[in-house]
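Here the structure is a predicted model, which is why all the values come from computation and not from measurement. Whatever order the structure lists them in is the order used to number ligands and atoms, beginning at 1.
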Amino acid sequence: MSPQQELVPQTESIAEVYATDEASLTSVAPEHQQRWSNLITQFNKTYNYRPDFVARSPGRVNIIGEHIDYSLYDVLPTAVSVDVIMAVKVVPASAEGTTITIANVSPEKFPAREFSVPHDKDVEIDPKKHEWVNYFRAGLSGALKFLRKQKTDGSLVPASMQILVDGNVPPGGGISSSAAFVCASALAVMKANNHDVSKQDLLDLAVVSERAVGVYSGGMDQAASIFSKRGYLLYTQFFPKFNAHHVPIPTSSDEITFLMAQSFVTSNKADTAPRHYNLRVAECTLAAVILAKHHGVTLPKDNSSLGYSLRNFHNELMTKEGRLQDPLEYQIDSVIQATMDLFTQEEGYTREEMAQLLGITVAELESTFLSAFPVQAERFQLRQRALHCFKEARRVLDFKACLSKATQLDERRIHYLGQLLNESQESCATAYDCSAPEVDEICAIARRAGTWGSRLTGAGWGGCTVHMLPQGKVEAVTSALRNEYYLKKFPDISKEKLEQAMVISKPSNGSFLVTGA
Ligand code: NG1
Ligand code: MG
């Protein structure tokens with residue numbers, strides 16, 4: 001019997017384990033124990049005492065459901081074992097002021113910083129200044145806003161903190177170093193201020209926090225970083241409200257393995273967002289409001305980045321047509337048809353054309369949809385982006401159904417799962433235009449060497465890929481990628497970097513705290 005799907009209890013607090021010494025860090029994966037004890041030893045050397053606690057949050061890999069979280073469709077990620085660990089000593093709050101001292105185990109790359117925290121206003125972040133400490137500030141800002149709201153008079157004197165960080169999630173590598181960092185930071189601030197935070201509250205504040213760094217992200221990365229469970233995928237729903245299930249991977253005769261392979265093409269979201277990530281958020285939002293206008297439905301505001309989502313349009317249209325009882329798959333097929341009927345311009349839509357479709361002026365269009373963050377585009381590819389979103393949403397339903405209906409996966413089912421991953425990649429590359437030549441090449445090499453399915457994972461435009469393959473093919477696939485991609489493209493690649501390039505991704509635990517270490 002394979003394990004059953006489980007609904008995730010959202011109000012549950014973040015797990016806190018007590019460890020008296022490094023050796024009893026049982027919740028820490030064995031391969032990471034050395035890193036944890038190094039962190040504690042180095043903390044001791046830096047600050048002259050042991051930390052009060054360590055906050056930890058992992059990166060994630062998304063198995064399927066790319067670029068649809070901000071349109072409020074379901075996604076299927078899970079946490080990976082690389083993470084951010086943050087050792088903290090709390091210096092009790094005083095009227096003198098609150099000071100954060102933060103250092104990193106790699107000071108050459110991430111120099112130490114000290115700053116004071118205002119008691120009467122929000123923490124300031126300049127998204128244009130690319131500083132590693134911004135991600136801590138983001139978590140801090142979200143956590144303090146939350147804590148302030150809990151106080152009846154809104155006043156809060158936050159504790160000072162001395163911090164040492166070690167993160168091994170590759171930055172800009174598509175497995176969400178940012179969410180790991182922001183979630184660990186927010187968790188650390190909550191704990192330092194004696195707040196026993198629930199998973200749901202940490203999620204809500206981490207999503208908003210990350211937007212402070214200038215990216216209109218959905219909630220997938222933070223959900224996976226916080227809620228995941230070792231051995232399971234996290235089926236994450238955002239509509240009508242957040243909800244998650246731990247989904248087991250059924251057994252099969254060829255053990256299913258997920259391999260992550262870095263492209264080593266980094267896309268710095270903070271720089272590229274106006275042309276890439278944030279533009280896609282704007283395109284999907286505009287597609288939703290134009291579809292709604294055309295079909296005479298009013299969209300209530302929702303909690304997506306810009307307040308209107310394709311999922312919300314889908315729901316309102318089905319409500320109007322009395323079809324909410326239909327299977328979700330049929331509903332999605334119907335909005336796919338509506339998209340193809342309305343958006344016939346393959347070349348995209350100008351601001352003028354979109355304003356006309358909405359019956360508003362270009363200035364109104366700009367101020368409502370294109371001013372919350374900078375977006376650079378002449379034409380908006382409404383047809384391609386909306387079609388990707390709806391079809392990807394269907395693939396997620398199909399993938400989940402295939403996993404859920406069997407306790408043992410036969411060959412036919414496994415091939416179907418792989419095919420869905422390949423279709424997802426094709427759609428990301430063509431309709432969503434978020435792949436990269438290197439990513440396409442990695443997928444092609446991996447498939448030739450024996451994966452069932454290969455695709456980009458995360459935002460794309462470089463970053464990371466994920467591959468589903470039989471355990472027995474790991475050697476063939478990794479050696480093909482080594483010879484045909486890494487050694488060819490980066491002939492001087494170091495042994496260490498090559499070792500980090502490909503990792504078997506084991507679904508891991510989400511955020512937790514360790515005290516007493
Ligand atoms: P990355 O860039 O891989 O962290 C982003 C978003 C997700 C989701 C994916 C695409 C952030 C923090 N995360 O992930 O919410 O939209 O892209 O599926 O921006
Ligand atoms: Mg990120």
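Between Ala459 and ligand 1, at least one N/O pair is under 3.5 Å apart. Geometrically, ligand 1 and Tyr70 share no nitrogen or oxygen pair separated by less than 3.5 Å. Taking only nitrogen or oxygen atoms, main chain and side chain alike, His67 reaches within less than 3.5 Å of ligand 1. For ligand 1, none of its N or O atoms has an N or O atom of Glu210 under 3.5 Å away. Backbone and side-chain nitrogen or oxygen atoms of Ser176 are examined, and one is located within less than 3.5 angstrom of a nitrogen or oxygen of ligand 1.
Atom numbering of ligand 1 starts at 1 in the shown order; those under 4.0 Å from a heavy atom of Glu66 are 10 (C), 18 (O). Per-residue contacts place Gly218 under 4.0 angstrom from the following atoms of ligand 1 (heavy atoms of the residue considered): 15 (O). Ligand 1 places these atoms under 4.0 Å from at least one heavy atom of Met220: 8 (C), 9 (C), 18 (O). For ligand 1, the atoms sitting less than 4.0 Å from at least one non-hydrogen atom of Asp69 are 7 (C), 8 (C), 15 (O), 16 (O), numbered in the order shown with element in parentheses.
Selection from Asp221, Asn62, Val61, Ile64 by nearest heavy atom to atom 4 (O) of ligand 1 gives Asp221.
Figure legend: cation-pi geometry between Lys489 and Phe264 absent, as NZ or CZ is not positioned both under 6.0 Å from the six-membered ring centre and within 45° of its axis. Geometrically, Arg394 does not engage Tyr73 in a cation-pi contact defined by less than 6.0 Å to the ring centre and at most 45° from the axis.
Classification of Arg455 and Glu66 as a salt-bridged pair holds, one side-chain N sitting under 4.0 Å from a carboxylate O. The pair Arg311-Asp302 does not meet the salt-bridge criterion, since no charged nitrogen lies less than 4.0 angstrom from a carboxylate oxygen. A salt bridge links Arg113 and Glu131; the closest N-O separation between the charged side-chain nitrogens and carboxylate oxygens is under 4.0 Å. In this structure, Asp83 pairs ionically with Arg35, as a charged nitrogen and a carboxylate oxygen lie closer than 4.0 Å.
Using cut-offs of 30° and 60° on the angle between ring planes, the pair Phe181 and Tyr135 is tilted.
Under 4.0 Å from ligand 1, the heavy atoms of Arg60 that appear belong solely to its side chain.
Between Tyr70 and Cys284 the shortest heavy-atom distance is CE1-SG, 4.2 Å.
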